[in-house]
Amino acid sequence: MKDQENTPVNYATVNGLKMYYEIHGTGNPLVLLHGGGSTLQSTYGHILPELAKYHKVIAVELQAHGHTADRGRPLSFEQDADDVAELLKQLHIEKADIMGFSNGGTTTLQIAIRHPEIVNKLILASANYKLDGMQPDFFDGFKHATLENMPKPLQDAYLDANPDPKGLQIMFDRDVERMSAFKDISDDDIKAIQAHTLIINGDAEVVRVEHALELSHTLPHAKLAIIPGGHGDYIGEICSPNIQSKIPDLVAAMIEEFLK
């Protein structure tokens, strides 16, 4: 989605990166972290208005994604976590609820591991922390991936935010590089997370239901919701096949109930 006249457009320089973020609503702070190959609108455009009714939503675009440029070095979940922590420090937000979808969920775990003092509650939506957490052969698909393999709605969403085909290719290459080098997060690190957590997963998606269940058992204070549908369908992610579905409204209400 292109910047609109009333969209609160902001940039902050964090760890040498000019990071784009938007703030919507008032209330307790809730950080939204998008998925790989995505923008804040392509991941959260459907449910963001509902979440902003009750929260001060800080929706971020991470390195090389959307409005945020690349910084000239590979992506890492750890660096993304440090960037978000620095942004919150600059915004004078001492503690926040944090929601991450897909790769954003892995970043959310790293925030809880590396910066536990800034975390209130966590929402992990289709989050992966182990190689075997994905469907078989998922990671093999990155060996010969090309931009043509990227879903067209995600390409269009990037170009809406940043009409630069070279930037789109950089984002794609960075994401492929990171996923090709994916490493497990240790169970000990997961067990050390003390934040109360809501885990949400689709029942027919790339992140295995068994992995979501394992994560819920490994985290000390976790609740698990398995929702009918594919990857991100339950929040109305831009590739969802049924844009008329009422399930995202249900999930937004569930998130609000959890955050009370």
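Heavy-atom basis, side chains included; hydrogens, waters and symmetry copies ignored.
With hydrogens and angles disregarded, a donor-acceptor distance shorter than 3.5 Å links the side chain of Lys95 to the backbone of Glu117. Between the side chain of Asp140 and the backbone N or O of Asp137, no donor-acceptor pair lies under 3.5 Å. Side chain of Gln90 to backbone of Thr13: a donor-acceptor contact under 3.5 angstrom is found. Judged by distance alone, the side chain of Gln110 and the main-chain N or O of Glu78 form no donor-acceptor pair under 3.5 Å. Here the side chain of Tyr44 pairs a donor or acceptor atom with the backbone of Leu33 at under 3.5 angstrom. Looking only at distances, a side-chain donor or acceptor of Thr197 sits under 3.5 Å from a matching main-chain atom of Ala195. Remark: the backbone N or O of Val14 is not paired with any side-chain donor or acceptor of Glu86 at under 3.5 angstrom. With hydrogens and angles ignored, the 3.5 Å screen pairs no side-chain donor or acceptor of Thr108 with any backbone N or O of Ile98. Formation of a donor-acceptor pair under 3.5 Å by the Asp97 side chain with backbone atoms of Lys121 is found in this model. Looking at Asn128, its side chain does come within 3.5 Å of a backbone N or O of Lys130 through a donor-acceptor pair.
Across all non-hydrogen atoms, the minimal contact from Ser42 to Leu154 is OG-CD2, 4.0 Å. Here the closest heavy-atom approach between residue Val209 and residue Gly202 is recorded as CG2-O, 3.6 Å. Contact between Pro29 and Ile58 at its shortest, heavy atoms only, is CB-CD1, 3.8 Å. Here the closest heavy-atom approach between residue Val176 and residue Phe142 is recorded as CG1-O, 3.7 Å. Closest approach of Gly37 and Asp175 over heavy atoms only: N-OD2, 2.8 Å. Closest heavy-atom contact between Ala52 and His24: CB-CB, 3.8 Å.
Between His231 and Phe101, the two ring planes are tilted [angle within 30° to 60°]. Classified by interplanar angle (parallel below 30°, tilted 30° to 60°, perpendicular above 60°), the ring pair His65/His34 is tilted. Between Phe182 and Phe139, the two ring planes are tilted [angle within 30° to 60°].
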| said: Between Asp233 and Ile247, is the side-chain contact (heavy atoms from CB on, under 4.5 Å) condition met? List the steps. | reply: CA-CA 8 Å; Asp233 293 356; Ile247 290 179; over 6 Å; no
| request: Given side-chain hydrogen bond (donor to acceptor under 3.5 Å, both in side chains), test Thr106 with Asn103 step by step and report yes or no. | output: CA-CA 5 Å; Thr106 309; Asn103 277 2; 4.8 Å; no
| Derivation of the side-chain contact (heavy atoms from CB on, under 4.5 Å) call for Ile185 and Leu109 | CA-CA 9 Å; Ile185 300 175; Leu109 285 169; 4.3 Å; yes
| message | Would Glu256 and Leu51 count as a side-chain contact (heavy atoms from CB on, under 4.5 Å) here? Give the steps. | response | CA-CA 7 Å; Glu256 173 55 29; Leu51 297 175; 5.8 Å; no
| field | Steps toward side-chain contact (heavy atoms from CB on, under 4.5 Å) verdict (Gln41, Asp160) | value | CA-CA 10 Å; Gln41 281 293 336; Asp160 274 347; over 6 Å; no
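Glu61 has its side chain out of reach of Glu22: every pair of non-hydrogen atoms, C-beta onward, lies at least 4.5 Å apart. Side-chain contact between Leu88 and His115: absent, with no pair of heavy atoms (C-beta onward) separated by less than 4.5 Å. Counting heavy atoms from C-beta outward, Leu75 and Glu177 have side chains that stay 4.5 Å or more apart. Between Val60 and Leu40 the shortest side-chain heavy-atom distance does not fall below 4.5 Å. Between Ile193 and Leu122 the shortest side-chain heavy-atom distance falls below 4.5 Å. Between Lys56 and Leu30 the shortest side-chain heavy-atom distance does not fall below 4.5 Å. Contact of the Phe138 side chain with the Met179 side chain is registered, since non-hydrogen atoms from C-beta on lie closer than 4.5 Å. Side-chain contact between Leu87 and Val31 is absent, with no heavy-atom pair separated by less than 4.5 Å.
Taken from CD1 in Ile255 to CG in Leu250, the straight-line distance is 10.0 Å, to the nearest 0.5 Å. Taking CG from Leu159 and CD from Gln155, the interatomic distance works out to 7.0 Å, rounded to the nearest 0.5 Å. Taking NE2 of His46 as the start and OH of Tyr234 as the end, the distance is 14.0 Å to the nearest 0.5 Å. Between the CG atom of Asp187 and the OG1 atom of Thr218 there is a distance of 5.0 Å, given to the nearest 0.5 Å. Taken from CG in Leu91 to OH in Tyr21, the straight-line distance is 4.5 Å, to the nearest 0.5 Å. Residue Asp132 holds its CG atom at 6.5 Å from CG of Asp184, rounded to the nearest 0.5 Å.
Heavy-atom contacts from other residues, nucleotides or ligands closer than 6.0 Å to CD of Gln135 number more than 12. Atom CG of Asn28 has 12 or fewer heavy atoms from other residues, nucleotides or ligands within 6.0 Å.
The hydrophobic cluster containing Ile170 does not contain Met150, counting ILVMFWY residues as joined when their side-chain heavy atoms lie under 4.5 angstrom apart, directly or transitively. In the hydrophobic clustering of this structure, Leu259 does not group with Tyr54; members are Ile, Leu, Val, Met, Phe, Trp, Tyr whose side-chain heavy atoms approach within less than 4.5 Å, directly or through other members.
Paired with Asp80 under the rule salt bridge (Lys or Arg N to Asp or Glu O under 4.0 Å), one option of Arg114, Arg178, Arg71, Arg174 passes, and it is Arg178. Asp83 pairs in a side chain to side chain donor-acceptor pair (under 3.5 Å) with only one of the listed residues (Asn15, Thr68, Thr107), which is Asn15.
Both the sub-6.0 Å distance and the 45° axial angle are not jointly satisfied by Lys223 relative to the ring of Phe258.
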